[in-house]
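Both backbone and side-chain heavy atoms feed into the values below; hydrogens, waters and symmetry mates do not. Because the structure is predicted, anything quoted here is derived from the model rather than measured.
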Amino acid sequence: MKPDTYEAQEQNRSQFNMEVNAARRSRFQRVHVATAQVKHAFRKLFTKPQATSSPVGSVADLIDSKSQVGHSYPTRSEKSIPEYTGRSSPVAGRLAVPRPSLSMKRIRKLFSSLARSKRDSVVSLDDGMGSDQGIDRDTDTQDDAGDDEDYYNDDGEPTGHANDRRDFRVARAVTRKSLAEFVLDIMSPEPHVRTRTCQVTKRTEGSFHHAVFLRINVNDQAEQDYVLKIPAHGTAEHWEEGDAFMLRNEAVLMQHIRHHTTCPVPEVIAFDNTLDNALGVPYILMKKINGMSAMDMWLGQSYEDFEGELHHNADEPTPEVEQKRLTFLSSLAEAMAQLQRLQFDKIGIPVFDKPEDEHPTSFGPIWHWHTKSSMEELTAIGPFDTTKDFFLTGLDAVYGCPFPSWYKTPGAQRMRGVRKILDICLDSEPFTSRSIGPTHDTGGANSTRETFFLRHDDLDLHNIIVDDEGKVVGIIDWDGCMTVPRFVGPVSMPLFLHRDWVPNPLNTMMRAPHMTYALPSYREIYATAMDSACMNGDAKYTRKSPMYQALLATAHEQVSCREVAMTLLLELDGFRRVDWDAFCRNLGAGWPAVEKQLKVQIAALLAPGGAT
């Protein structure tokens with residue numbers, strides 16, 4: 001939706017950020033209170049051994065039976081225990097009591113799950129070490145050998161934002177027994193000849209999906225692990241035709257990539273883009289890729305157990321971790337360069353009848369309703385024939401000045417100034433079609449068209465799987481993958497190497513796995529690896545791709561046009577210390593001499609090659 005004014009656009013973005021932060025604070029407060037209650041309960045438990053019953057029941061029995069003598073149990077400050085008002089005994093100082101072998105993180109999850117089970121009477125958890133984990137006792141009787149709990153940090157309801165279509169409650173309501181039987185029916189459709197059994201080992205959630213981890217066993221021996229991916233908006237109320245189109249083509253596109261390249265994508269076993277199945281939800285069933293998250297590798301420890309700000313430790317890696325990072329960057333470049341084998345004629349979603357087909361039968365729009373920082377109504381974008389149409393259509397939608405040319409208010413002139421900077425960028429290489437690589441014949445003697453390549457929509461550390469040495473063994477979460485201009489395609493930097501160029505309320509310093517001063521060296525390592533791996537010369541775009549990605553984000557990812565334009569201006573000699581507002585107002589009112597200078601410097605800044 002086009003904002004009426006620049007101020008309206010910023011106000012809408014500010015309102016959304018406030019809602020996100022409020023929801024996040026609410027979640028943190030609930031976890032904080034639950035943690036305090038758990039620790040308070042355990043302190044009372046340890047200081048009252050004569051009691052005949054325990055508020056934690058069999059869990060306390062388990063901890064007592066597995067305790068190790070000789071350790072002290074640390075206390076926390078009064079501030080971290082909001083319900084406990086007295087600091088005198090029994091919790092003063094450090095208590096010389098046996099320390100439980102279970103970590104406080106495990107205990108916190110345990111009590112949170114127990115509290116949730118009392119509230120909704122759906123899930124009943126034991127100690128997370130063996131039986132009946134996360135099973136509805138009324139309907140499920142299977143044992144669970146998994147080592148993790150079903151752990152959710154909220155109640156699954158939408159946040160209340162007008163366009164938040166997520167409702168995790170529907171997926172959570174599907175029992176473990178139903179999930180296991182459903183997957184077993186897919187893998188062994190004839191029950192009378194089955195030798196396999198299936199069990200759910202874990203259920204977890206990301207921002208927009210519910211994930212179920214399952215294990216198929218043959219004669220009590222583990223055969224293969226699987227992942228069932230369920231969209232959080234896959235409900236009768238919210239699931240629409242555009243959503244079904246996106247899920248179907250995500251699954252088929254992964255199969256197509258796997259068939260035609262060696263890029264390590266998950267193997268798709270089955271999918272259903274409707275609600276007309278035994279589970280009542282759309283899904284994609286894939287083989288699980290064994291390995292660890294690249295985030296864990298990069299940090300040198302588990303992200304889930306990390307306390308504090310990420311970059312504090314990540315900026316000083318051990319020699320072993322640093323070597324793994326170098327291996328990781330090189331192997332990621334090799335994996336992404338494989339996508340250069342796949343070329344397309346349009347920007348959008350390629351539609352294949354069969355995954356093994358070499359060319360798509362058609363192109364469809366990308367159905368879009370959220371970015372990493374905003375949500376909006378489900379909208380079709382594209383397809384597009386040219387790079388220029390792709391960028392200008394997006395930019396006009398989010399930053400088209402609504403004022404007539406005679407309207408001379410400071411706000412209108414400032415908007416025109418920002419837009420003029422962005423238009424100068426789009427009139428420079430590599431955005432102009434004359435700069436875009438090889439073309440290919442479409443039938444006529446002189447008929448040529450641009451070629452486009454696939455782009456992973458969220459190529460960040462948490463969506464990459466590595467082995468113990470740091471080598472990439474899997475890239476997951478291909479939701480939203482589409483064809484794009486080659487300079488923002490597979491040769492561009494992954495998100496964790498260009499985060500500093502994309503203003504985003506979620507891309508804060510506290511979330512970054514390194515400080516910005518570490519980026520140039522890692523970018524150069526990645527670009528050098530892409531030079532070696534790339535098959536068609538497009539590696540010339542890699543080093544400048546953070547800037548190209550930022551301009552893409554302004555057009556199609558709701559990133560602030562003003563902030564990106566200002567960041568670009570700070571890269572130009574002679575423009576770093578200008579009064580930004582006054583500069584944009586004057587530029588918007590008409591400033592030919594400055595426009596001429598901007599065209600020269602921006603063209604040099606964006607020209608392929610060199611470093612950012």
Side-chain angles (χ1 to χ4, degrees), residues 59 62 102-103 105-110 112-114 116-117 122-153 156 168 171-188 194-206 209-232 266-271 278-279 281 283-293 295-296 302-305 462-463 465-468 473-474 476-477:
V59 180
L62 171 71
L102 296 179
S103 68
K105 176 177 172 53
R106 173 61 62 85
I107 295 169
R108 183 170 67 250
K109 286 185 175 182
L110 170 66
S112 177
S113 301
L114 286 171
R116 186 174 62 255
S117 68
V122 173
V123 177
S124 177
L125 300 180
D126 72 340
D127 55 26
M129 308 289 287
S131 63
D132 293 340
Q133 179 190 345
I135 298 173
D136 181 352
R137 295 184 188 274
D138 294 334
T139 57
D140 287 355
T141 58
Q142 69 178 42
D143 289 336
D144 180 11
D147 203 25
D148 295 302
E149 310 89 356
D150 297 346
Y151 177 66
Y152 313 120
N153 61 3
F168 287 97
R172 293 179 186 179
V174 182
T175 66
R176 286 189 165 216
K177 180 179 180 181
S178 298
L179 290 164
E181 290 179 348
F182 180 77
V183 171
L184 196 59
D185 285 341
I186 293 175
M187 304 306 300
S188 301
R194 278 184 188 166
T195 59
R196 296 172 170 174
T197 59
C198 180
Q199 62 183 161
V200 175
T201 60
K202 183 172 66 171
R203 298 171 74 166
T204 186
E205 288 169 354
H209 291 89
H210 183 94
V212 182
F213 293 80
L214 308 101
R215 178 167 299 156
I216 298 288
N217 301 298
V218 178
N219 298 325
D220 297 327
Q221 299 295 319
E223 178 188 34
Q224 176 66 50
D225 289 343
Y226 296 86
V227 180
L228 190 71
K229 179 180 174 182
I230 302 172
E267 181 179 349
V268 175
I269 303 301
F271 67 90
L279 297 180
V281 293
Y283 68 87
I284 300 177
L285 177 65
M286 301 165 281
K287 283 188 177 180
K288 181 178 179 291
I289 298 174
N290 294 321
M292 72 174 73
S293 165
M295 177 66 85
D296 294 349
S302 171
Y303 175 76
E304 291 186 356
D305 295 334
H462 60 273
N463 284 328
I465 310 299
V466 299
D467 63 15
D468 291 338
V473 295
I476 62 174
D477 195 9

Nearest heavy-atom neighbours spanning R172 and G156: NH1-N, 3.3 Å
H210 NE2 to T204 OG1 distance, which is reported to the nearest 0.5 Å: 8.5 Å
Check: I216 and L184 side chains under 4.5 Å, non-hydrogen atoms: yes
Straight-line distance of D467 CG to I289 CD1, nearest 0.5 Å: 12.5 Å
Shortest non-hydrogen contact between R196 and M187, atoms and distance: NH1-O, 3.2 Å
Pairwise side-chain contact, K229 with D477, heavy-atom cut-off 4.5 Å (strictly under): yes
Nearest-0.5 Å distance that lies between atom OG in S293 and atom CD1 in I465: 6.0 Å
CG-CD1 distance between N463 and I476, expressed to the nearest 0.5 angstrom: 5.0 Å
Closest approach of L214 to A180 (non-hydrogen atoms, all atoms of both residues): CD2-CA, 4.1 Å
Within-4.5 Å side-chain heavy-atom neighbours: L179 and R203: yes
Point-to-point distance, once rounded to the nearest 0.5 Å, from CD1 of I186 to CD of E181: 12.5 Å
Nearest-0.5 Å distance that lies between atom OG1 in T201 and atom CZ in R176: 7.5 Å
Atom of S178, atom of L279 and distance for their closest heavy-atom approach: O-CD2, 4.0 Å
Within-4.5 Å side-chain heavy-atom neighbours: K287 and Y226: yes
Closest non-hydrogen atom pair, A171 against I230: CB-CG2, 4.1 Å
Side-chain heavy-atom pair M292, D468 within 4.5 angstrom cut-off: yes
Heavy-atom closest pair, residues N290 and V473: O-CG2, 3.6 Å
